[in-house]
Amino acid sequence: PVISGASVSSIASTTATVAWTTNENATGKVYYSTVSPVNFLTAFTMSSAALVTSHSFGLTGLATSTTYYYVLESKDASVNTATTSIQSFATTN
């Protein structure tokens, strides 16, 4: 799959919404952390096994006034995997 249109919206003090699209049906997973680079083994994650092209995750329980780093991952039905480079956003205070 190819990941495109990655965005973070509705950023507040303890929440944010991460969304992206894929060019074919695929799962979605967000790895996020306050440390860069993002360690996939210790990062917080949110995921969905549903094979869709539109992916959206509402992150909750975030710390205020904090920079979060994240990586997006999608896998198609054949388990071909796409990941993004590390991106970041900051919560408000």
Side-chain angles (χ1 to χ4, degrees):
V2 175
I3 295 171
S4 61
S7 66
V8 181
S9 61
S10 303
I11 300 171
S13 58
T14 61
T15 61
T17 300
V18 180
W20 71 96
T21 59
T22 48
N23 66 327
E24 62 178 314
N25 288 331
T27 62
K29 188 169 190 176
V30 182
Y31 296 91
Y32 61 103
S33 172
T34 57
V35 178
S36 180
V38 176
N39 181 330
F40 290 177
L41 299 177
T42 59
F44 297 106
T45 61
M46 288 195 75
S47 62
S48 171
L51 295 173
V52 297
T53 58
S54 181
H55 310 270
S56 181
F57 294 92
L59 309 182
T60 61
L62 305 176
T64 59
S65 301
T66 301
T67 298
Y68 281 86
Y69 303 92
Y70 67 96
V71 174
L72 308 177
E73 177 185 274
S74 286
K75 295 181 181 182
D76 65 16
S78 299
V79 198
N80 296 307
T81 304
T83 57
T84 63
S85 59
I86 297 171
Q87 301 175 62
S88 66
F89 68 91
T91 55
T92 61
N93 56 7

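Along the sequence shown, the residues carry numbers beginning at 1. On a predicted model such as this, the values are computed, not experimentally measured, just so you know. The figures that follow rest on heavy atoms only: side chains count, while hydrogens, waters and symmetry mates do not.
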Asker: Should T21 and T53 count as side-chain neighbours, where that means a heavy-atom distance under 4.5 Å?
Answerer: no
Asker: What about L59 and Y70, same hydrophobic cluster or not, with Ile/Leu/Val/Met/Phe/Trp/Tyr joined at side-chain heavy-atom distances under 4.5 Å?
Answerer: yes
Asker: So, taking the atom named CE in M46 and the one named OG1 in T60, what distance separates them when rounded to the nearest 0.5 Å?
Answerer: 6.5 Å
Asker: Any side-chain heavy atom of I86 sitting closer than 4.5 Å to one from P37?
Answerer: yes
Asker: Would you give the length of the straight line joining atom CD of E73 to atom OG1 of T83, rounded to the nearest 0.5 angstrom?
Answerer: 7.0 Å
Asker: Of all the heavy-atom pairs spanning T27 and A49, show the shortest one and how long it is.
Answerer: CG2-O, 3.5 Å
Asker: For A90 and I11, which heavy atoms make the closest approach, and how far apart are they?
Answerer: O-CG2, 3.2 Å
Asker: Give me the atom names and distance for the closest heavy-atom approach of T64 to T91.
Answerer: C-OG1, 3.4 Å
Asker: Heavy atoms only: give me the nearest P1-A82 pair and the separation to one decimal.
Answerer: O-CB, 3.1 Å
Asker: Please check: side-chain N/O of S10 versus main-chain N/O of T17, any donor-acceptor pairing under 3.5 Å?
Answerer: no
Asker: Look up atom OH in Y31 and atom CG in L41, then write down how far apart they are to the nearest 0.5 Å.
Answerer: 8.5 Å
Asker: If I take atom CG from residue N25 and atom CG from residue L51, how far apart are they, to the nearest 0.5 angstrom?
Answerer: 6.0 Å
Asker: First locate atom CG of L62, then atom OG1 of T15, and finally report the distance between them rounded to the nearest 0.5 Å.
Answerer: 7.0 Å
Asker: About how many Å separate OG of S74 and CG of N80, when rounded to the nearest 0.5 Å?
Answerer: 12.0 Å
Asker: Treating Ile, Leu, Val, Met, Phe, Trp and Tyr as nodes and any side-chain heavy-atom pair under 4.5 angstrom as an edge, say whether Y69 and F40 lie in one connected cluster.
Answerer: yes
Asker: Verify the cluster assignment for I3 and V30: are they in a single hydrophobic cluster under the rule of side-chain heavy atoms below 4.5 Å apart?
Answerer: yes
Asker: Are more than 12 heavy atoms from other residues, nucleotides or ligands located less than 6.0 Å from atom CG of N93?
Answerer: no
Asker: For the residue pair F89 and Y68, does the interplanar ring angle fall in the parallel (under 30°), tilted (30 to 60°) or perpendicular (over 60°) class?
Answerer: parallel
Asker: Among F44, Y32, W20, whose ring-ring contact (aromatic ring centres under 6.0 Å, His included) with F57 holds?
Answerer: W20
Asker: Examine the side chains of S48 and H55 and answer whether a donor and an acceptor come within less than 3.5 Å of each other.
Answerer: no
